[in-house]
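All residue numbers refer to positions in the sequence shown, counting from 1. One-based numbering, in listed order, for ligands and for the atoms of each.
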Amino acid sequence: MENSLILVHTGNGKGKTTAALGIGLRAVGHGMKVLMLQFIKGTWHTGELDAVKRLHPDFKITQLGQGFIKSQKGEWSEAVLENARTSWNLTKQEIASDAYDMIILDEINNMIDYGLIDVEEAIAVLKERPKRLSIILTGRNAHPKIIEMADLVTEMKEIKHPYKKGIKAQKGIEF
Ligand code: ATP
Ligand code: MG
């Protein structure tokens, strides 16, 4: 019996995206096909992009975003809304493709939190996923309905972060 799972990595501490990459690495070792779709991110080149290229085509990362986003008086620009629609449509296609054993939806919790992806629609898509497909959702402020439907939820809690001491993001650790 094989069970696919819905996993959530949330909280304000570091480790949400990197823990998902770790699980992806583990899955690739078992011959599984893994895809990470990164919402929001798109301008910052991180080490995992090049590391995962070495595992191509078993492990792929696609960046869907255009970098850090911020609303103006609670309103999103048309460019952000358009990017959210395109990113979500691609996500639905990749999930339905049945080409993967695991899909990591990196920072999707933030997209749902911002109202850029509808939580009810996200839940429907997760429920209708191919049988073998496990999905990891990362990002702060995971929606209570996502937490409720998930099988495994971990909250990263900040105890200490070097940023608070004014130490800038370190290569190989933060990016
Ligand atoms: P990582 O990608 O290192 O696993 P993350 O996915 O948990 O971190 P995000 O909220 O996606 O964290 O933020 C991405 C970037 O912000 C990373 O460079 C991360 O180190 C940094 N970061 C995470 N948590 C904090 C924090 N509490 N204070 C300052 N910077 C943080
Ligand atoms: Mg992250």
With side chain to side chain contact (heavy atoms under 4.5 Å, CB included) as the test, would you mind laying out the steps for I95 and T91 before giving the verdict?
CA-CA 6 Å; I95 288 174; T91 301; 3.9 Å; yes
Please work out, at 4.0 Å between heavy atoms, whether the side chain, the backbone, both, or neither of [X] comes within that distance of ligand 1.
{"X": "H161", "value": "side chain"}
{"X": "R140", "value": "side chain"}
{"X": "K16", "value": "both"}

Counting backbone and side-chain atoms alike, does T17 have an N/O/S atom under 2.8 Å from the Mg ion (ligand 2)?
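So T17 does bind the Mg ion (ligand 2) by this criterion.
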With only distance considered, is [X] within less than 3.5 Å of ligand 1 through an N or O on each side?
{"X": "A19", "result": "no"}
{"X": "T18", "result": "yes"}
{"X": "K14", "result": "yes"}
{"X": "N12", "result": "yes"}

Can you confirm whether the side chains of [X] and [Y] place a donor and an acceptor under 3.5 Å from each other?
{"X": "D101", "Y": "H30", "result": "no"}
{"X": "E107", "Y": "T17", "result": "yes"}
{"X": "Y163", "Y": "K168", "result": "no"}

Nearest-contact summary for atom 8 (O) of ligand 1 - protein heavy atom, Å
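Going by distance alone, atom 8 (O) of ligand 1 is nearest to G15 N, 3.5 Å.
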Atom 2 (O) of ligand 1: the protein heavy-atom neighbour that sits closest, reported with distance to 0.1 Å
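The closest one turns out to be T17 CB, 3.4 Å.
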Heavy-atom count around E78 CD within 6.0 Å, excluding the residue itself: above 12?
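Counting other residues, nucleotides and ligands, CD of E78 exceeds 12 neighbours.
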Donor-acceptor pair, distance only, cut-off 3.5 Å: does the side chain of R132 make one with the backbone of D98?
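Yes, R132 side chain to D98 backbone: donor-acceptor pair under 3.5 Å.
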Name whichever N, O or S atom of E107 ends up nearest to the Mg ion (ligand 2).
OE2
Please determine whether any non-hydrogen atom of [X] lies less than 4.0 Å from an atom of ligand 1.
{"X": "E107", "answer": "yes"}
{"X": "G13", "answer": "yes"}
{"X": "E158", "answer": "yes"}

Considering only NZ, NE, NH1 and NH2 on the basic side and carboxylate oxygens on the acidic side, decide whether E82 and R85 come within less than 4.0 Å.
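Looking at E82 and R85, the cut-off is met.
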With rounding to the nearest 0.5 Å, note down the distance linking NZ in K16 to CG in N110.
8.0 Å
Do I23 and L21 touch side chain to side chain, with heavy atoms closer than 4.5 Å?
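Side-chain contact under 4.5 Å: no.
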Kindly indicate whether [atom] is approached by any protein heavy atom to under 4.0 angstrom.
{"atom": "atom 18 (O) of ligand 1", "value": "yes"}
{"atom": "atom 25 (C) of ligand 1", "value": "yes"}
{"atom": "atom 13 (O) of ligand 1", "value": "no"}

Check ligand 1 against Y163 and write out every atom of the ligand that is under 4.0 Å from a heavy-atom position of the residue.
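Numbered from 1, ligand 1 contributes 29 (C).
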Run the numbers for me: atoms of ligand 1, each under 4.0 Å from some heavy atom of E174, listed by number.
17 (C), 18 (O), 19 (C), 20 (O), 21 (C)
Do W88 and F39 make the cut of ring centroids closer than 6.0 angstrom?
no
Show, in sequence, the C-alpha distance, side-chain angles and deciding distance for T10 and R140, and conclude whether the side chain to side chain donor-acceptor pair (under 3.5 Å) test is met.
CA-CA 5 Å; T10 193; R140 294 170 186 222; over 6 Å; no
Applying side chain to side chain contact (heavy atoms under 4.5 Å, CB included), run through L137 and L7 and close with a yes or a no.
CA-CA 6 Å; L137 300 92; L7 291 74; over 6 Å; no
